[in-house]
Each structure stands twice: as C-alpha cells, then as structure tokens.
Chemist: 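Supplied in structure tokens, the structure appears directly below.
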Amino acid sequence: MRRFFLISLVLFLLVLGVAGGSLWHEYRSFVDRPLLESGTVRLWLPPGGHLGTAVGDLERLGLTRRDWRWRLLARQRSAPVAAGEYAIDSGTTPEGLIDRLAAGDVVRHRFTIIEGWTLDELRGSLGRDSRLSAEGRDLDDAALMTRLGCDGCPAEGRFLPETYFFVRGDSELDLLGRAHAALERALADAWRDRDESVPLDDPDELLVLASLVEKEAQVAAERAEVAGVFARRLRRGMRLQTDPTVVYGLGDDFDGRIRRVHLRTDHPWNTYTRHGLPPTPIALPGRAALAAAARPADGETLYFVARGDGTHKFSRTLAEHNRAVDRYIRGRE
C-alpha cells in the first residue's frame with residue numbers, strides 16, 4: 001500500500017511538473033512573442049489608466065487577449081505605468097510594452113512655427129491640430145499675453161519660429177508659452193549683440209525691424225542687405241515704404257494685390273504715409289531675421305525692388321531705383 005502511494009505521488013508530481021513546465025513554456029513564449037508582426041498601432045493610456053486598461057485596448061485591436069499571462073507578467077514587473085500615447089511597433093513584445101509604459105516612453109509629436117507667419121496664422125494652425133488640447137484657444141491676443149506673463153505686450157511677433165515637440169494632450173497654451181519664452185531669449189541675445197549704431201531704442205523696436213526683414217527678404221543672403229536699407233532710411237528720416245506693412249494693416253481687406261489707393265490710405269502700419277517703424281511687428285521673425293536686424297550690412301543702398309524670382313535689385317539713388325522699377329515691375333506687368 002505504501003509503495004502504491006509513493007508511486008502515485010511520484011506520478012502526480014511528474015504530471016504536475018510536466019504541466020507546470022508546459023505552462024511556463026507557454027508563458028515565456030507569450031512574453032517574448034511580438035504583439036505585432038508588421039506596421040504600427042497607437043495606444044492611448046488616459047490619466048488614471050493602468051496596465052489592464054492598455055491590455056483591454058490591445059484586445060479590442062485583436063493583438064492579444066486578457067488572461068493569466070498578463071496578470072503574471074504584471075506581478076513580475078510591478079512598476080507603475082504612465083499615461084500618454086504610445087507607438088506599438090512591429091517586434092514589440094508584452095515585456096517590452098510594459099517597460100515602455102513604465103518608462104513613460106510616449107510618442108513625441110512636432111509642430112513647426114513658420115518664419116513670416118502672422119499670429120493669426122499661427123493660432124489658426126494650432127487650432128486645427130487635434131493632438132493639442134484647446135486650453136488657451138478662447139483667449140484673445142491681449143489675454144493670451146497676460147497668461148504668458150507679458151501683460152500689455154503686443155502679441156504679434158512674440159513667438160519664435162522653430163519646431164517644438166509635444167505629447168498628445170499638451171495644450172496650445174503650453175506650446176505658445178515655450179515659443180514665447182524662446183523668442184524672448186533670442187531677442188535678448190540679438191539685442192545684446194547688436195551694432196549700436198543701428199537707430200533702435202529698445203528690443204521691441206529690434207523685433208519690429210526684424211519682422212520687416214522677415215517679410216521682405218525671401219533669400220537668406222539678402223536679409224542683412226534689406227536690414228541695411230531700412231537702417232539707413234531710419235537714420236536719414238526717410239519713410240521705410242515697405243509693402244508688407246501696408247498689407248498687414250489692410251488685414252482681411254487685402255485681396256492679394258496692392259493698389260495705389262492702398263499706399264495712400266493712412267493707418268498706423270502704413271510706412272508710405274508715416275515715418276519710422278510701425279507700432280508692432282507684422283509677422284513672426286526667425287533667428288536669422290533678428291540677427292540681420294541687429295547687425296545690418298554696411299553700404300549705400302536706400303532702395304530695393306523685387307525682381308520676381310525671390311531676389312531684389314538694390315539701388316543707391318532714386319533714379320536708379322526708378323529704372324529698376326521700370327524693368328522689374330512695369331515691364332513685368
């Protein structure tokens with residue numbers, strides 16, 4: 001009887017060992033098997049979500065099933081998971097996914113602010129980006145600047161054109177705050193390194209001048225030369241007479257073509273009717289435009305006209321300029 005009991009016990013343990021080994025092999029195969037053979041899927045783990053939330057979403061996508069293997073893996077890897085958007089690439093295993101969730105290795109998106117955009121164009125583009133939350137969207141420009149700690153500052157031009165990275169769910173206000181802080185740093189650097197002979201009273205005027213350079217100079221090599229023309233005209237008390245300021249002042253009334261009546265219609269940004277710089281920037285200047293405005297090129301030119309290919313013909317005298325206008329503007333018309 002005793003011998004039968006021992007044999008039964010050995011057989012039971014053997015069966016148990018075989019079953020346990022089979023389960024362990026199944027578990028290890030699960031842990032090391034990719035969830036996705038090809039392509040990429042996005043997983044959104046909301047704030048307050050946990051591993052079970054993520055696994056439930058994966059199950060709905062047909063990539064796994066929620067069972068004892070996930071529970072065992074979760075106990076072995078007990079680190080908390082972080083909310084956010086995750087990319088599951090081909091080759092990602094359950095173990096690798098948990099490591100990514102625990103590390104908060106979320107997808108980073110990019111948003112590029114384009115040099116020469118107006119603030120309206122920037123805010124419009126942000127508003128169309130569904131990856132960003134709408135915080136700050138209902139603020140007018142003045143309230144926006146107050147929230148960003150620049151109460152009373154004109155909002156135009158106050159955001160640096162660059163590429164900014166963010167994660168899904170970040171707010172428009174957060175991205176604008178970073179762009180504004182970057183602009184303030186870039187402007188301070190440009191003001192510190194400026195040529196002090198340039199007739200500018202403060203960094204705000206440098207920002208305005210840089211915005212004119214940004215809108216006029218389509219070719220990088222001409223930025224400093226355009227800035228030089230503006231600086232010399234300011235020194236001599238000449239009106240700047242730059243078309244982009246007229247266009248900016250017209251706002252929604254501009255239909256794509258500047259007419260003589262526009263040049264004669266007075267408003268604060270019309271540099272054909274008013275001396276000096278306009279009261280605010282007219283666009284978002286980039287670092288290169290700031291540098292050009294801070295250190296314009298030396299020379300004697302006082303005029304320029306667009307050739308029609310993105311470059312300009314620069315002239316020293318009005319007679320030279322009129323001949324260039326005849327050739328490049330009236331001739332083209």
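For clarity, every value in this text was computed on a predicted model and none was experimentally measured.
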Chemist: Does the structure place the NZ or CZ of R71 under 6.0 Å from the centre of the six-membered ring of W68, at an angle of no more than 45° from the ring's axis?
Modeler: no

Chemist: L126 and L175: side chain to side chain contact (heavy atoms under 4.5 Å, CB included), yes or no, with the steps?
Modeler: CA-CA 9 Å; L126 285 171; L175 193 148; 4.2 Å; yes

Chemist: Less than 3.5 Å apart, any donor N or O on the side chain of D309 or T311 sitting next to an acceptor on the other?
Modeler: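 Yes.
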
Chemist: CZ/R192 to CG/L187 distance, rounded to the nearest 0.5 angstrom?
Modeler: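 Rounded to the nearest 0.5 Å, the CZ-CG separation comes to 11.0 Å.
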
Chemist: So, do V325 and Y303 sit near enough that their side-chain heavy atoms are less than 4.5 Å apart?
Modeler: no

Chemist: Got a sec: does the CZ of R236 have more than 12 other heavy atoms crowding it under 6.0 Å?
Modeler: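 No, not enclosed.
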
Chemist: Going by atom types alone, do S171 and R137 pair a side-chain donor with an acceptor below 3.5 Å?
Modeler: no

Chemist: Taking the side chain as every heavy atom from C-beta outward, state whether K313 and R327 have any atom pair closer than 4.5 Å.
Modeler: no

Chemist: Going by the rule side-chain hydrogen bond (donor to acceptor under 3.5 Å, both in side chains), which residues pair with D243 if we only count those two or more places apart in sequence or in a different chain?
Modeler: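 If we apply the side-chain hydrogen bond (donor to acceptor under 3.5 Å, both in side chains) test to D243, skipping adjacent residues, the hits are Y272.
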
Chemist: Which heavy atom of L284 sits nearest a heavy atom of E156, and at what distance?
Modeler: CD2-OE2, 4.0 Å

Chemist: Find out if a path of hydrophobic residues (ILVMFWY) with successive side-chain heavy-atom gaps under 4.5 Å connects F30 to L72.
Modeler: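 Linked, F30 and L72 end up in one cluster.
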
Chemist: Identify whether the distance between the nearest side-chain nitrogen and carboxylate oxygen of R185 and D189 falls below 4.0 Å.
Modeler: no

Chemist: Between V107 and Y164, is there a shared hydrophobic cluster once you connect ILVMFWY residues whose side-chain heavy atoms come closer than 4.5 Å?
Modeler: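 Shared cluster, no.
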
Chemist: If you measure from CG on N270 to CG on L263, what distance do you get to the nearest 0.5 Å?
Modeler: 7.0 Å

Chemist: Side chains of L212 and P278: closer than 4.5 Å at any heavy-atom pair?
Modeler: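 Contact flag for L212/P278 side chains = yes.
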
Chemist: Is there side-chain contact between T280 and L207, with heavy atoms separated by less than 4.5 Å?
Modeler: no

Chemist: To the nearest 0.5 Å, what is the distance between CD (E320) and CZ (F314)?
Modeler: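 Spacing of CD (E320) from CZ (F314) equals 13.0 Å.
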
Chemist: Do L58 and L101 sit in one hydrophobic cluster, given that two such residues count as connected whenever their side-chain heavy atoms are within less than 4.5 Å of each other, even indirectly?
Modeler: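 Yes.
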
Chemist: Considering only heavy atoms from C-beta outward, does the side chain of L132 approach that of D170 to under 4.5 Å?
Modeler: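 SC-SC contact between L132 and D170 confirmed.
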
Chemist: What's the verdict on side chain to side chain donor-acceptor pair (under 3.5 Å) for D120 and T118, showing C-alpha distance, side-chain angles and the deciding distance?
Modeler: CA-CA 5 Å; D120 283 348; T118 63; 5.3 Å; no

Chemist: Could you tell me whether D57 and R60 have a side-chain N and a carboxylate O separated by less than 4.0 Å?
Modeler: yes

Chemist: Determine whether V213 and P285 make a side-chain contact, defined as any pair of heavy atoms from C-beta on separated by less than 4.5 Å.
Modeler: no

Chemist: Which side-chain hydrogen bond (donor to acceptor under 3.5 Å, both in side chains) pairs, counting each pair once, include a residue from residues 208-218, with sequence neighbours left out?
Modeler: E216-T242

Chemist: Name all pairs fulfilling the side-chain hydrogen bond (donor to acceptor under 3.5 Å, both in side chains) condition that reach into residues 87-98, sequence neighbours left out, sorted by first residue then second.
Modeler: T40-D89, R77-E95

Chemist: Sequence neighbours left out, what passes side-chain hydrogen bond (donor to acceptor under 3.5 Å, both in side chains) with D204? Give chain and number order.
Modeler: R158

Chemist: Donor-acceptor pairs under 3.5 angstrom involving side-chain atoms of residues 140-154: please list them, not counting sequence neighbours.
Modeler:
residue, atom, partner, partner atom, Å
D140, OD1, A142, N, 3.2
D140, OD1, A143, N, 2.7
D141, OD1, R123, NH1, 3.0
T146, OG1, A142, O, 3.1
T146, OG1, D151, OD1, 2.8
R147, NH2, E135, OE2, 3.4

Chemist: Mind listing the side-chain donor-acceptor pairs of residues 108-115 below 3.5 Å, one per line with the distance, residues two or more places apart or on another chain?
Modeler:
residue, atom, partner, partner atom, Å
H109, ND1, R131, NH1, 3.3
H109, NE2, E85, OE1, 2.6
T112, OG1, T163, OG1, 2.8

Chemist: Any heavy-atom pair between the side chains of L61 and I88 that's under 4.5 Å?
Modeler: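 Result no, sub-4.5 Å side-chain heavy-atom pair not found.
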
Chemist: Any ring pair (Phe, Tyr, Trp, His ring centres under 6.0 Å) pairs touching residues 213-252, not counting sequence neighbours?
Modeler: F230-F304, Y248-W269

Chemist: Does any pair with a residue in residues 168-251 pass disulfide bond (SG atoms under 2.5 Å apart), and if so which ones, sequence neighbours excluded?
Modeler: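 Found none.
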
Chemist: Is there a side-chain contact between F166 and D174 in this structure, where contact means two heavy atoms from C-beta onward sitting under 4.5 Å apart?
Modeler: no

Chemist: May I have all residue pairs that pass side-chain hydrogen bond (donor to acceptor under 3.5 Å, both in side chains) and include part of residues 290-299, sequence neighbours excluded?
Modeler: none

Chemist: As a quick check of understanding, evaluate side chain to side chain contact (heavy atoms under 4.5 Å, CB included) for V81 and I98, giving each step before the final call.
Modeler: CA-CA 8 Å; V81 297; I98 289 184; 5.5 Å; no

Chemist: Between S315 and R323, does the side chain to side chain contact (heavy atoms under 4.5 Å, CB included) criterion hold? Intermediate values first, please.
Modeler: CA-CA 10 Å; S315 302; R323 288 195 294 271; over 6 Å; no

Chemist: Sequence neighbours excluded, which residues qualify as side-chain contact (heavy atoms from CB on, under 4.5 Å) partners of S38?
Modeler: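 With neighbours one apart ignored, the set is empty.
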
Chemist: Think R168 forms a cation-pi with Y86, using NZ or CZ under 6.0 Å from the six-ring centre and within 45 degrees of its axis?
Modeler: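 The answer is no; the distance or angle limit is not met.
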
Chemist: Please list all pairs meeting salt bridge (Lys or Arg N to Asp or Glu O under 4.0 Å) that have one or both residues in residues 283-293, counting only residues at least two apart or in different chains.
Modeler: E162-R287

Chemist: Suppose the criterion is ring pair (Phe, Tyr, Trp, His ring centres under 6.0 Å): which pairs have a residue in residues 280-301, not counting sequence neighbours?
Modeler: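 Sorted result for residues 280-301: empty, none.
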
